[in-house]
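To start, the structure itself, in structure tokens.
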Amino acid sequence: MKKLPKTPFKEIALCMSGGGYRAASFHLGAMNYLNRIQYFETPLLENVKAISTVSGGTITGVVYALYKERGKTFEEVYEILISQLKERDLVKEGLSKLKINGKWNNNFKRKNLINALAEIYIEKFTDNAVFKELLGKNLKSHLDLVVFNATEFDNGINFRFQNKGVLGNRYFNIPKRLKEEIKLGDVIAASSCFPGGFEPIGFPGDFRHDNAANLIQSVGTDFKEEIGLMDGGIYDNQGIDAIRLSEQRNKKLYDLIIISDVSSPDMHGFRFNEKQTQDGFRKLNINKFIISIKKYNSLANWFLVIIIVLGIAGSIISGFKNNLGTGIGLSVMGFGIIGMIIFNFIRKKFLNITNNVGSYIKGLIPEFFYKHLSALNLTDYTIGTYEPLMVDRVKSLLLLIQDVFLKQIRRLNYATIYDSDDYAFRRISNLSKELTEENFEARTKRFQSLENCPPQLQKPYKKLISVNLRKTISEAASFGTNLWFTEEDDLNKTLEKLVVSGQFNMCFNLLVYIFEIKGNKDFEKYSDILKNEFGKIEKELLSDWNKFNENPNFMLYSKF
């Protein structure tokens, strides 16, 4: 039996998905709108008691949790985040740290890209803060529980940086003395360390710093081997699992779980490599190519020998006297000798490198497979033969990693919320793509069939959402998973559009949630005071709907 929550909106859990700067900006907009809507004269955002974040969502989540604990207003946190998102090209700044003369603040860390970004998060986003600031019984902000999710490679499950319950998971329970010393910037790095873009970050090795005596001591004692951590999205890109576990642990349900999500359920099918005409470079046979290399190598040596001989001959003809002919002859001979030495030195080095690479690759291949593969003479095939073998494999592998696996994990995590009656009327999904024209027609417009949906919203898509608002939503939804905004993005005001999209989508989903609750027969059991409050919120949401259509940027602050 689907039941309405006894106290809707009173205690809220907010999940914020991964997705780079797209996620960080969209979720900031969603929080911005929650901060606008009043529930019994308190902003809905103040009723958020738990946040669970992943990857790009962790950028926003960590900064918000930290500065709210330091007593900042939402507007101040908003300005801090917008400023950093506008100014920081994380990958560019991270790569500059890896240069020979790059500035590296923490010599405990491995010198790789994810640790370079961690240093930027520590310095620019989190003001050098440690996890201790989010621990304790007398927290100042409205957040009781914060969970920042990563994935650990020892067991392939979630690794939770959280202020209550186990930090880590059932296999790794990180002691409080270590927990307190963890830099919040390192937490962001671990949560947003997505495969392919970054290397794993090691715990506790890469989390050590000058003021972390316990973390330093734990290497080789508490932890014989480091734990490899990567992006939380590998296991759960929406952060749903951590909230469900907290409900089970505390034996208490949240009145509402909001899942703010910039990932898409849509997939693009596999496209086979088109058959190419076997001409040009595709006709090259690798064996013939190797033979030709050897032939040219021999010709080069003979050419240099001839130059040496000509130089000697010229000197002999000139009688080895102090004249121009002897000078030219000796110069030509010297050029030939030096050229031969350099050429053969480079050739020898190249052969050594190729042999070493071959030995290294051989070492990576299991013996069983190597024996079978070595029976093939791979040089007997043309490049045109290899092309479809390699291209289709690489394309299918990338599709599996980037789409199939992640989409399937996404479906499974959503199923825990949407396939259970326990969560009926206790869930909102705030999806970045749902109000694009394609997704609205396919899925979202079902809200118009709800009996409480007002005539104001009973319109076709292009009359329901204004041209400027549609453009804002569409461009925000199409932005990639980056950790930077380019000059073109600045000109197109991409950051602003992502924030607006988060605001408007949250407005829409709160409206739909109210329509659903009011359509349930048990709504009449609520007190008159509560029903009146629902009426106020609905009125404000419908008013804001009109304002967004008239001016999508009406809620943006001056920082833009």
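These values consider heavy atoms only, across backbone and side chains, with no hydrogens, waters or symmetry-generated copies.
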Margin query: Any heavy-atom pair between the side chains of Val130 and Ile182 that's under 4.5 Å?
Written below: no

Item checked: side-chain hydrogen bond (donor to acceptor under 3.5 Å, both in side chains) evaluation trace for Ser429 with Tyr418 -> CA-CA 10 Å; Ser429 293; Tyr418 279 89; 2.5 Å; yes

Notebook entry, point to check: For Phe554, which residues count as a ring pair (Phe, Tyr, Trp, His ring centres under 6.0 Å) partner, sequence neighbours excluded?
Noted result: Phe548

Check: Is the shortest heavy-atom distance from the side chain of Leu256 to the side chain of Arg427 under 4.5 Å?
Finding: no

Note to self: Has Ser527 got a side-chain atom pairing as donor or acceptor with Leu530's backbone, closer than 3.5 angstrom?
What the structure shows: yes

Notebook entry, point to check: Do Arg443 and Glu434 sit within salt-bridge range, that is, some charged N less than 4.0 Å from a carboxylate O?
Noted result: no

Next item on the list: Could I get the full list of salt bridge (charged side-chain N to carboxylate O under 4.0 Å, His left out) partners for Asp206, not counting sequence neighbours?
Entry: Arg110

Notebook entry, point to check: Mind checking whether Tyr423 and Phe425 have ring centres under 6.0 Å apart?
Noted result: no

Which pairs of donor and acceptor atoms, one on a side chain in residues 531-543, lie under 3.5 Å apart (sequence neighbours left out)?
{"residue": "Lys531", "atom": "NZ", "partner": "Glu524", "partner atom": "OE1", "Å": "3.2"}
{"residue": "Glu533", "atom": "OE2", "partner": "Phe40", "partner atom": "N", "Å": "2.7"}
{"residue": "Glu538", "atom": "OE1", "partner": "Lys518", "partner atom": "NZ", "Å": "2.7"}

Notebook entry, point to check: What residues, two or more places apart in sequence or in another chain, satisfy ring pair (Phe, Tyr, Trp, His ring centres under 6.0 Å) together with Tyr461?
Noted result: Phe440

Note to self: Suppose we screen for side chain to side chain contact (heavy atoms under 4.5 Å, CB included). Which residues come up paired with Glu488, at least two apart in sequence or across chains?
What the structure shows: Thr486, Asn492

Margin query: According to side chain to side chain donor-acceptor pair (under 3.5 Å), does anything in residues 151-174 pair up with another residue at least two apart or in another chain? List the pairs.
Written below: Asn149-Asn158, Glu152-Asn155, Glu152-Asn169

Notebook entry, point to check: Do Arg88 side-chain atoms and Leu85 backbone N/O form a donor-acceptor pair below 3.5 Å?
Noted result: no

Next item on the list: Using a 4.5 Å cut-off on heavy atoms from C-beta on, say whether the side chain of Lys86 contacts that of Leu495.
Entry: yes

Check: If you look only at pairs with a residue in residues 469-481, which of them pass as a salt bridge (Lys or Arg N to Asp or Glu O under 4.0 Å), with sequence neighbours excluded?
Finding: Glu475-Lys497

Margin query: Going by ring pair (Phe, Tyr, Trp, His ring centres under 6.0 Å), name the residues that satisfy it together with Tyr67, two or more places apart in sequence or in a different chain.
Written below: none

Item checked: Presence of salt bridge, Glu87 and Lys124, under 4.0 angstrom -> no

For residues 5-18, dump all side-chain donor-acceptor pairs below 3.5 Å to protein atoms at least two apart in sequence or in another chain.
{"residue": "Thr7", "atom": "OG1", "partner": "Asp255", "partner atom": "OD1", "Å": "3.0"}
{"residue": "Thr7", "atom": "OG1", "partner": "Asp255", "partner atom": "OD2", "Å": "3.2"}
{"residue": "Glu11", "atom": "OE1", "partner": "Lys252", "partner atom": "NZ", "Å": "3.3"}
{"residue": "Glu11", "atom": "OE2", "partner": "Lys252", "partner atom": "NZ", "Å": "3.3"}
{"residue": "Ser17", "atom": "OG", "partner": "Asp261", "partner atom": "OD1", "Å": "3.3"}
{"residue": "Ser17", "atom": "OG", "partner": "Val262", "partner atom": "N", "Å": "3.1"}

Notebook entry, point to check: Do the side chain of His142 and the main chain of Val48 share a donor and acceptor less than 3.5 angstrom apart?
Noted result: yes

Margin query: Please enumerate all residues that pass ring pair (Phe, Tyr, Trp, His ring centres under 6.0 Å) together with Phe479, with sequence neighbours excluded.
Written below: Phe485

Check: Between Ser52 and Gly239, is there a donor-acceptor pair closer than 3.5 Å when you use the side chain of the first and the backbone of the second?
Finding: yes

Check: Do Asp421 and Lys3 meet the salt-bridge criterion of a basic N to acidic O distance under 4.0 Å?
Finding: no

Checklist line | Residues that Glu75 engages under side chain to side chain contact (heavy atoms under 4.5 Å, CB included), provided they are two or more places apart | finding: Asn35, Thr73, Tyr557

Item checked: Matching residue for Phe504 among Tyr33, Phe26, Trp545 - test: ring-ring contact (aromatic ring centres under 6.0 Å, His included) -> Trp545

Next item on the list: Output all residues satisfying side chain to side chain contact (heavy atoms under 4.5 Å, CB included) with Lys463, sequence neighbours left out; order by chain, then residue number.
Entry: Lys459, Pro460

Next item on the list: Just say parallel, tilted or perpendicular for the rings of Phe74 and Tyr78, cut-offs at 30° and 60°.
Entry: tilted

Note to self: Is the shortest side-chain heavy-atom distance between Val166 and Phe172 below 4.5 Å?
What the structure shows: no

